Each structure stands twice: as structure tokens, then as C-alpha cells.
Amino acid sequence: MFLSLHSENYIYEPENELYMKKRFCIIGLLLLAAASVSAQEVFGWRGPNRDGIYPETGLLKEWPAQGPALKWETTVIGKGYSSPIIVGNRLYITGMDEDQTHEVFYCFDLNGQLQYSTVYSTPWTQSYPETRTTPAIQGDKAWVISGSGDIVCLNIADGSIVWKVEGAAKFQRKTGKWGTSECPLVYDDKIVFMPGGELTTMVALNKNTGEVMWQSESIHEQSNYVNPLMVNHNGQRIIISIAQYTIIGVNPDNGEIMFKHKGEFARTPEDMAKGYESICTNTPIYKDGYLFFSNGYDMGSVKLKLNDDNRGVTRVWRNESLDTHHGHQILLDGVLYGSNWTNNTSGNWMAVDWETGQTLWETAWPGGKGKGSIVSAEGKLYQYDERRGFVALVNPSREKLDIISEFRITKGDGPFWAHPVINDGVMYIRHGGYLAAFSIK
């Protein structure tokens with residue numbers, strides 16, 4: 001017999017039973033729909049897992065001498081270093097307006113036609129003010145974090161602002177000379193922001209309203225320029241990031257800092273006396289309970305093992321040669337690929353064994369190219385030289401830098417710092433205020 005949802009004095013009737021079956025069926029469908037919405041994919045920084053690996057198939061194994069075919073290009077986006085995000089039949093990217101006094105959210109169709117643009121914040125006003133936040137998109141909303149520390153939610157249908165929180169002021173942000181450089185981490189009903197400072201270290205806002213869900217304790221360090229990573233280890237989720245000097249693990253449900261690990265990227269007293277920061281920019285890599293971090297300016301790289309309870313880490317190895325500036329790395333078939341830092345305009349490309357930390361090879365990219373960013377798709381590497389704007393298709397190799405094809409981006413201005421994006425057989429390359437789409441399928 002069914003029990004009434006509304007009355008304690010329920011009388012069984014066949015019609016009531018049929019009604020209740022339908023009612024519970026509808027409730028079940030609604031719950032499934034709600035679960036589906038909450039589990040919607042988040043599109044954002046460096047692909048679905050924040051590791052630079054794009055799940056593509058059927059891509060070209062080599063390119064024509066002049067490079068892959070250009071589908072479209074635009075110079076509407078304004079200056080910036082962020083990457084585009086493609087969802088459905090639209091592309092979203094952040095940039096600046098013409099007088100460089102505002103950060104702007106742009107929406108294009110996949111033929112490169114502008115659909116709308118929305119001013120959402122002011123940029124960082126000191127060193128390198130160009131926009132750097134790659135949007136995070138889920139469902140009908142996008143989230144961005146400006147260089148000035150505003151957290152903003154937009155409706156992607158028309159670009160209207162849903163909510164905005166002045167995060168720098170609200171959380172007493174403390175940052176270095178390049179302001180806030182953070183791409184939103186979105187999960188469950190939350191969005192993460194890492195202001196640093198004396199009030200807190202990391203906060204979570206309600207992604208739909210902007211209300212504070214939790215804020216961690218302060219570890220009394222300024223923020224860095226790292227995009228946090230959510231990992232799942234031993235059935236427990238944990239957010240991994242780096243403050244000024246300290247690697248931290250944070251409980252995503254309540255903001256508890258579960259571990260603090262110092263000493264890997266701290267500057268020497270002599271460096272600190274000269275005013276050098278511990279400048280960390282690269283999203284960590286996670287695999288099977290291990291974390292990898294690499295940062296430039298001779299700070300090297302390190303592989304750490306998470307404790308079983310996620311309450312600490314232990315060092316597995318260090319590699320002093322792989323000190324990636326801000327181009328990130330790719331972990332592919334047990335090998336780490338990336339570039340290192342010689343100075344702010346040059347560096348070599350490297351391969352490092354994941355298990356041992358041994359350098360497999362280190363070499364310059366021939367032809368005067370420098371360090372840069374790297375992504376992967378269908379087992380190949382895609383390198384983007386930040387010095388002269390060359391883009392290369394590369395065979396991963398434990399023996400050498402094995403370049404298959406390359407071509408050069410000749411439009412745009414400023415450093416070639418935006419990371420490539422690959423989606424549905426198209427490679428998107430940005431250079432400052434220039435964005436191009438190339439067919440690689």
C-alpha cells in the first residue's frame with residue numbers, strides 16, 4: 001500500500017495507486033534531471049582535465065609546408081593572453097576594449113563572426129595589464145576572474161552579467177606585481193578564488209549567486225599566479241594550488257587546509273633581499289596519487305606523493321633543469337614534455353622521465369625559437385614558441401625533439417603567451433589581439 005504524501009488518513013484506491021506511481025516516476029525523472037544538470041561538463045582552462053590534453057581523433061599527422069588551412073581570423077578581441085573556450089557552436093574569449101581600460105567577454109560563432117561583447121571589469125593596472133583569465137563555462141553560465149580581482153558570472157546566451165563580486169576588496173587580496181591571474185575552478189555549486197593575504201587564502205563562492213560558501217584560514221602569504229586543480233585521491237577530492245611559497249591541499253567541501261608543504265619553490269634570503277618573488281604560474285599535474293609542479297626562474301620541478309589520507313605529501317624527486325616559465329607541461333606515456341627558463345625570452349625544450357625525474361633530453365628549438373606553451377591531442381604534441389610565434393606538430397619521443405611540421409604566426413603583437421586550444425579538428429591560436437582558427441583534421 002502507498003502512503004500519502006499529504007495526509008495521514010490515506011485510503012487505498014486503485015486510481016490513487018496509479019496516480020502515486022506516476023507521481024513517484026515524475027519525481028524520479030526530476031531528480032535525475034537535477035543530477036544531470038549538477039554533473040554538466042565544465043569547459044575551461046587547458047581542456048577537460050586542466051592538463052592540456054584534448055580528446056580529439058582523426059587529426060592530421062603532418063601539415064602542409066605553409067601550415068594547416070586557415071578557417072578564419074579576427075582582430076576584434078583586444079589584447080590578452082587568455083585562451084578561447086568552445087561550447088556548442090560558439091567561441092568565448094576574454095580581451096580588452098580599444099583604450100585598454102576594461103576587460104571584455106567576447107562571443108563569436110564558429111565562422112569568426114562576433115555575436116556580442118560585454119564589459120565585465122577593469123584590468124590590472126601595473127605590469128602586463130592584458131587580460132589573462134580563460135573563462136570557465138557550464139550550462140548557460142560563464143565565470144571569469146579579472147586582473148583587478150573581480151569574480152564575474154555571465155549568461156552566455158547574451159553576455160548579461162548575472163552577478164559580480166569585488167573579490168580583491170572583499171577578501172583583502174594580497175598579490176604580486178602582476179595582479180590576479182586565475183582561471184576559475186568550478187565544481188558542484190561552487191567557484192574558487194584564491195586572494196591570499198591576511199584574511200583568507202582561498203574562498204569558494206556560490207556559482208549561481210556569488211554568495212560566500214566557505215573561506216579557508218589565512219596562511220599569511222600573498223597569492224600566486226596558479227590555476228588550482230581538483231583531484232580525487234583515495235575516494236576523496238582535494239584542491240591543489242600554490243600560495244606565495246607554500247603548496248596547499250584544500251577540502252573542497254568546507255575550505256579546510258588539509259596540508260601545507262613549504263620549501264620547494266621558496267627563494268633564497270639573497271633573492272628575497274633583491275626583491276625577487278617566488279613566481280609560480282603552472283597548474284599542477286596529477287596522476288595516480290602523485291603531483292608534479294614546475295616553475296621558472298631556476299626554481300626547478302618536483303614530484304610529490306600524496307599521503308593516503310591527503311593530509312600531507314612527500315617528495316619523490318626533484319629536477320633542477322625543468323623550470324617551466326608559464327607554458328606548462330604535458331605528461332604522455334610516462335614522459336613529461338615542456339620547456340625551461342634560461343631568461344625571460346629564451347629556454348630549451350625538454351623531456352623528463354615521470355618515474356625517476358631523469359632528464360631524457362634537453363635541446364633548443366632550431367631556428368632561434370624559444371620556450372613556450374605546449375598541449376597535446378591524439379598522441380601528438382603541439383608547441384607554441386613565445387619568442388617568434390612558431391607553431392609545431394611534434395612526435396613525442398624519449399630520444400629527441402622530433403618536429404614533424406611547423407609554421408609561423410605573423411599577425412598580432414606582444415608576447416606569444418596564449419596557450420593553443422584544439423576542438424573538433426580546429427586549432428585556435430591567439431597572439432595578443434589576434435585570434436586564428438586552423439583546420440587540422
Side-chain angles (χ1 to χ4, degrees), residues 40-64 67-77 80-95 105-116 131-144 154 156-157 159 183-186 227 283 327-328 330-332 372-384 391-394 404-405 407 409 411-412 416-431 434-441:
Q40 281 181 323
E41 180 179 0
V42 178
F43 299 84
W45 172 243
R46 285 180 62 79
N49 298 310
R50 291 200 159 199
D51 58 3
I53 299 177
Y54 291 90
E56 295 280 313
T57 58
L59 303 181
L60 295 174
K61 305 305 180 187
E62 61 179 336
W63 298 335
L70 176 68
K71 289 176 63 70
W72 57 265
E73 58 187 0
T74 183
T75 56
V76 174
I77 60 174
Y81 307 124
S82 60
S83 299
I85 297 299
I86 300 88
V87 181
N89 60 358
R90 286 186 167 187
L91 178 149
Y92 306 89
I93 194 167
T94 58
F105 182 80
Y106 293 95
C107 172
F108 293 84
D109 67 22
L110 296 189
N111 294 312
Q113 299 300 308
L114 181 67
Q115 302 300 295
Y116 64 76
T131 304
R132 58 269 252 166
T133 182
T134 295
I137 296 176
Q138 184 186 47
D140 60 356
K141 294 183 178 66
W143 296 266
V144 292
L154 303 101
I156 62 172
C183 304
L185 174 65
V186 177
N227 299 311
T283 307
H328 287 61
I330 290 294
L331 174 59
L332 204 60
S373 54
I374 185 170
V375 299
S376 177
E378 205 175 16
K380 301 293 187 187
L381 303 172
Y382 295 76
Q383 296 179 183
Y384 187 23
V391 183
L393 177 64
V394 181
I404 304 168
S405 308
F407 72 104
I409 301 296
K411 297 180 181 179
F416 299 82
W417 282 349
H419 292 215
V421 168
I422 300 172
N423 183 82
D424 196 21
V426 179
M427 177 173 62
Y428 297 89
I429 301 290
R430 180 181 193 161
H431 179 211
Y434 173 74
L435 177 65
F438 297 93
S439 177
I440 58 169
K441 192 166 187 174

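All figures in this text were calculated on a predicted structure; none of them were measured in a lab.
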(message) If I compare all heavy atoms of Ala142 with all of Ile137, which pair ends up nearest, and what's the gap?
(response) CB-CG1, 3.7 Å
(request) Answer whether the closest heavy-atom distance between the side chains of Tyr106 and Pro84 falls below 4.5 Å. (result) no
(message) If I take atom CG from residue Leu59 and atom CD1 from residue Ile440, how far apart are they, to the nearest 0.5 angstrom?
(response) 5.0 Å
(message) Within this structure, what is the CD1-SG distance for the pair Ile85 and Cys107, rounded to the nearest 0.5 Å?
(response) 13.0 Å
(request) Could you tell me the separation between the CD1 atom of Ile374 and the CZ atom of Arg46, rounded to the nearest 0.5 Å? (result) 8.0 Å
(message) Is there a side-chain contact between Tyr428 and Ile93 in this structure, where contact means two heavy atoms from C-beta onward sitting under 4.5 Å apart?
(response) no
(message) Testing the basics here: between Asn227 and Cys183, what is the closest heavy-atom pair and its distance to 0.1 Å?
(response) OD1-N, 2.5 Å
(message) Can you tell me how far apart OG (Ser439) and CG (Leu70) are? Round to the nearest 0.5 Å.
(response) 10.0 Å
(request) Give a yes or no answer on whether the side chain of Gln138 reaches the backbone of Gln40 with a donor-acceptor pair at less than 3.5 Å. (result) yes
(request) Mind checking the CG-CG spacing from Leu332 to Asp51? Nearest 0.5 Å is all I need. (result) 10.0 Å
(message) Please tell me whether Tyr382 and Tyr54 form a close aromatic pair, meaning their ring centres lie under 6.0 Å apart.
(response) no
(message) In the structure I gave you, are the side-chain heavy atoms of Leu110 and Leu91 within less than 4.5 Å of one another anywhere?
(response) yes
(message) Do Ile330 and Ile53 make a side-chain contact, defined as non-hydrogen atoms from C-beta onward lying under 4.5 Å apart?
(response) yes
(message) Quick check: do Tyr384 and Met427 have side-chain heavy atoms less than 4.5 Å from each other?
(response) no
(request) State whether the side chain of Gln383 and the backbone N or O of Ala392 hold a donor-acceptor pair below 3.5 Å, judged by distance alone. (result) no
(request) Report yes or no: does Ser82 contribute a side-chain atom to a donor-acceptor pair with the main-chain N or O of Thr134 at less than 3.5 Å? (result) no
(request) For residues Ser83 and Pro135, report the shortest heavy-atom separation together with the two atoms involved. (result) O-CD, 4.0 Å
(message) Given Tyr434, which partner from the list Ile409, Val76, Ile429 fulfils the side chain to side chain contact (heavy atoms under 4.5 Å, CB included) test?
(response) Ile409
(request) Report yes if some heavy atom in the side chain of Arg430 is under 4.5 Å from a heavy atom in the side chain of Ile77; otherwise report no. (result) yes
(request) Supply the atom-to-atom distance Ile156 CD1 to Trp143 CH2, rounded to the nearest 0.5 angstrom. (result) 9.0 Å
(request) Determine, stepwise, if the pair Phe438 / Phe407 fulfils ring pair (Phe, Tyr, Trp, His ring centres under 6.0 Å). (result) CA-CA 11 Å; Phe438 297 93; Phe407 72 104; 5.0 Å; yes
(message) A side-chain contact here means heavy atoms from C-beta on lying under 4.5 Å apart; do Lys380 and Ile404 qualify?
(response) yes
(request) Could you tell me whether the side chain of Asp424 reaches within less than 4.5 Å of the side chain of Ile86, counting heavy atoms only? (result) no
(request) Hey, can you tell me if Trp45 and His419 have their rings parallel, tilted or perpendicular (30° and 60° cut-offs)? (result) tilted
(message) Can you give me the closest heavy-atom contact between Thr94 and Thr133, atom names plus distance?
(response) OG1-O, 2.7 Å
